[in-house]
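Here's the structure, in structure tokens; my notes come after.
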Amino acid sequence: MNCLFCKIVNGEINSDIVYQDDKVLAFRDVNPQAPTHILIIPKTHISTLNDLEESNASLMGLLPITAQKLAKELGFADDGYRVVMNCNNHGGQTVFHIHLHLLGGRQMAWPPG
Ligand code: 5GP
Ligand code: ZN
């Protein structure tokens, strides 16, 4: 499968990895939109939010759990942060391997663009 993030998972493409275990990988976004911008992905390929099934619930629960652990470790959990999951065209998704953005280190605005 020609998936950029699967290639990052299997090491074909280099990335700045901040955390991984057998199920989840977290690495720094190549084009950061905040002082800290990390992408958290399941190691197994799921394309979009639309493709999730009930059986993915525990795996997907690890993404926000990883986000809060990293926010605590990196020191911005108390100040706050944002997690975002874009879906398809209107959501602004550009890489079709599901991922949670973790953005921290600055004041966020609302509504998002
Ligand atoms: P999306 O727009 O799909 O929600 O987010 C995709 C993210 O992947 C973007 O923020 C983009 O900067 C990031 N990205 C795209 N290609 C690469 C890459 O090769 N390496 C890394 N680390 N991030 C990437
Ligand atoms: Zn993939």
Side-chain angles (χ1 to χ4, degrees):
M1 187 187 298
N2 195 27
C3 169
L4 180 68
F5 287 176
C6 282
K7 288 179 180 169
I8 286 179
V9 168
N10 66 32
E12 278 177 68
I13 293 176
N14 284 334
S15 65
D16 185 355
I17 293 172
V18 293
Y19 174 80
Q20 68 176 315
D21 58 30
D22 55 331
K23 296 188 179 71
V24 168
L25 179 69
F27 55 97
R28 292 189 188 276
D29 195 294
V30 77
N31 182 24
Q33 301 301 311
T36 296
H37 186 175
I38 292 168
L39 302 172
I40 305 166
I41 69 172
K43 285 189 168 180
T44 55
H45 183 87
I46 299 167
S47 297
T48 81
L49 205 48
N50 288 340
D51 301 299
L52 281 186
E53 297 172 2
E54 291 281 340
S55 61
N56 301 128
S58 61
L59 172 65
M60 290 303 293
L62 295 173
L63 304 188
I65 295 288
T66 303
Q68 59 107 312
K69 282 183 182 164
L70 288 170
K72 287 174 182 169
E73 274 175 33
L74 296 169
F76 55 81
D78 287 344
D79 283 341
Y81 52 95
R82 182 165 291 171
V83 292
V84 176
M85 192 174 280
N86 298 324
C87 183
N88 279 345
N89 184 37
H90 279 188
Q93 186 173 7
T94 59
V95 177
F96 290 86
H97 180 130
I98 201 164
H99 50 279
L100 191 67
H101 294 258
L102 168 62
L103 299 136
R106 68 168 170 85
Q107 179 64 53
M108 301 295 158
W110 194 264

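Quantities reported herein were computed from a predicted structural model and do not represent experimental measurements. Every heavy atom of this structure was used, including side-chain atoms; hydrogens, water molecules and symmetry mates were not. As the structure lists them, so they are numbered: ligands from 1, and atoms in each ligand from 1.
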Open item on the list: Please determine whether the number of non-hydrogen atoms from other residues, nucleotides or ligands lying under 6.0 Å from atom CD of Glu12 exceeds 12.
Closed with: yes
Open item on the list: Using a plain distance cutoff, I'd like to know if Ile13 has any nitrogen or oxygen under 3.5 Å from a nitrogen or oxygen of ligand 1.
Closed with: no
- [ ] Return yes if some donor-acceptor pair links the side-chain N/O of Arg106 with the main-chain N/O of Gln33 below 3.5 Å, else return no.
- [x] yes
Task: Heavy atom of the protein closest to atom 24 (C) of ligand 1 (residue, atom name, distance) - done: Val30 CG1, 3.4 Å
Task: CG/Asp21: more than 12 non-hydrogen atoms of other groups inside 6.0 Å - done: yes
- [ ] Determine, using heavy atoms of Phe96 and all atoms of ligand 1, whether some pair is separated by less than 4.0 Å.
- [x] no
- [ ] For His99, take its heavy atoms, then give the atoms of ligand 1 lying under 4.0 Å from any of them.
- [x] 1 (P), 3 (O), 4 (O), 5 (O), 6 (C)
Task: Arg28, any N or O under 3.5 Å of ligand 1 N or O - done: yes
Open item on the list: Taking 4.0 Å as the limit for heavy-atom contacts, which would you say applies to Asn86 with ligand 1: side chain only, backbone only, both, or neither?
Closed with: side chain
Open item on the list: Quick test: of every protein heavy atom, which one is nearest to atom 3 (O) of ligand 1, and how far off is it to 0.1 Å?
Closed with: Thr94 N, 2.7 Å
Task: Vertex the Zn ion (ligand 2), rays to SG in Cys3 and ND1 in His97 - rounded to 10° - done: 110°
Open item on the list: Does the residue Ser15 have a heavy-atom contact with ligand 1, meaning some pair of atoms that are separated by less than 4.0 Å?
Closed with: no
Open item on the list: Any non-hydrogen side-chain atom of Leu52 less than 4.5 Å from a side-chain atom of Ile46?
Closed with: yes
Task: Glu73 vs Val18 side-chain heavy atoms within contact, under 4.5 Å - done: no
Open item on the list: Using a 4.0 Å heavy-atom cut-off, which part of Asp16 comes near ligand 1: side chain, backbone, both, or neither?
Closed with: neither
TODO: Considering heavy atoms of the protein only, find what lies nearest to atom 16 (N) of ligand 1 and give residue, atom and distance to 0.1 Å.
DONE: Leu4 CD2, 3.3 Å
Task: Residue of the set Ile40, Ile41, Ile65 for which side-chain contact (heavy atoms from CB on, under 4.5 Å) holds with Val24 - done: Ile40
Open item on the list: Could you check whether any heavy atom of Gln33 sits closer than 4.0 Å to an atom of ligand 1, since that is the contact criterion I want to use?
Closed with: no
TODO: Treat each ILVMFWY residue as a node, draw an edge where side-chain heavy atoms are under 4.5 Å apart, and state whether Leu102 and Leu100 are in one component.
DONE: yes
Task: Contacting atoms of ligand 1, where contact means under 4.0 angstrom from a heavy atom of Gly92 - done: 1 (P), 2 (O)
- [ ] Output yes when a side-chain donor or acceptor of Gln93 lies under 3.5 Å from a complementary backbone atom of Asn88, and no otherwise.
- [x] yes
Task: Ligand-side contact atoms (ligand 1) for residue partner Phe5, heavy atom cut-off under 4.0 Å - done: 8 (O)
TODO: Determine whether the side chains of Lys43 and Asn10 contain a donor N or O and an acceptor N or O closer than 3.5 Å.
DONE: no
TODO: Report the nearest protein non-hydrogen atom to atom 9 (C) of ligand 1: residue, atom name, distance rounded to 0.1 Å.
DONE: Asp29 OD2, 3.3 Å
- [ ] Verify, without hydrogens or angle tests, whether His99 (side chain) and His97 (backbone) share a donor-acceptor contact under 3.5 angstrom.
- [x] yes
- [ ] Evaluate whether atom CG of Asn50 has more than 12 neighbouring non-hydrogen atoms of other residues, nucleotides or ligands under 6.0 angstrom away.
- [x] yes
Task: Heavy-atom closest pair, residues Ile38 and Leu70 - done: CG2-CD1, 4.2 Å
TODO: Have a look at ligand 1 and work out which part of Met85, if any, has a heavy atom under 4.0 Å from it: side chain, backbone, both or neither.
DONE: neither
Task: Side chain, backbone, both or neither: Val84 near ligand 1, heavy atoms under 4.0 Å - done: neither
Task: For Asn31, the ligand 1 atoms whose distance to one of its heavy atoms is below 4.0 Å - done: 12 (O)
Open item on the list: Please name the atom of His45, limited to N, O or S, that comes nearest to the Zn ion (ligand 2).
Closed with: ND1
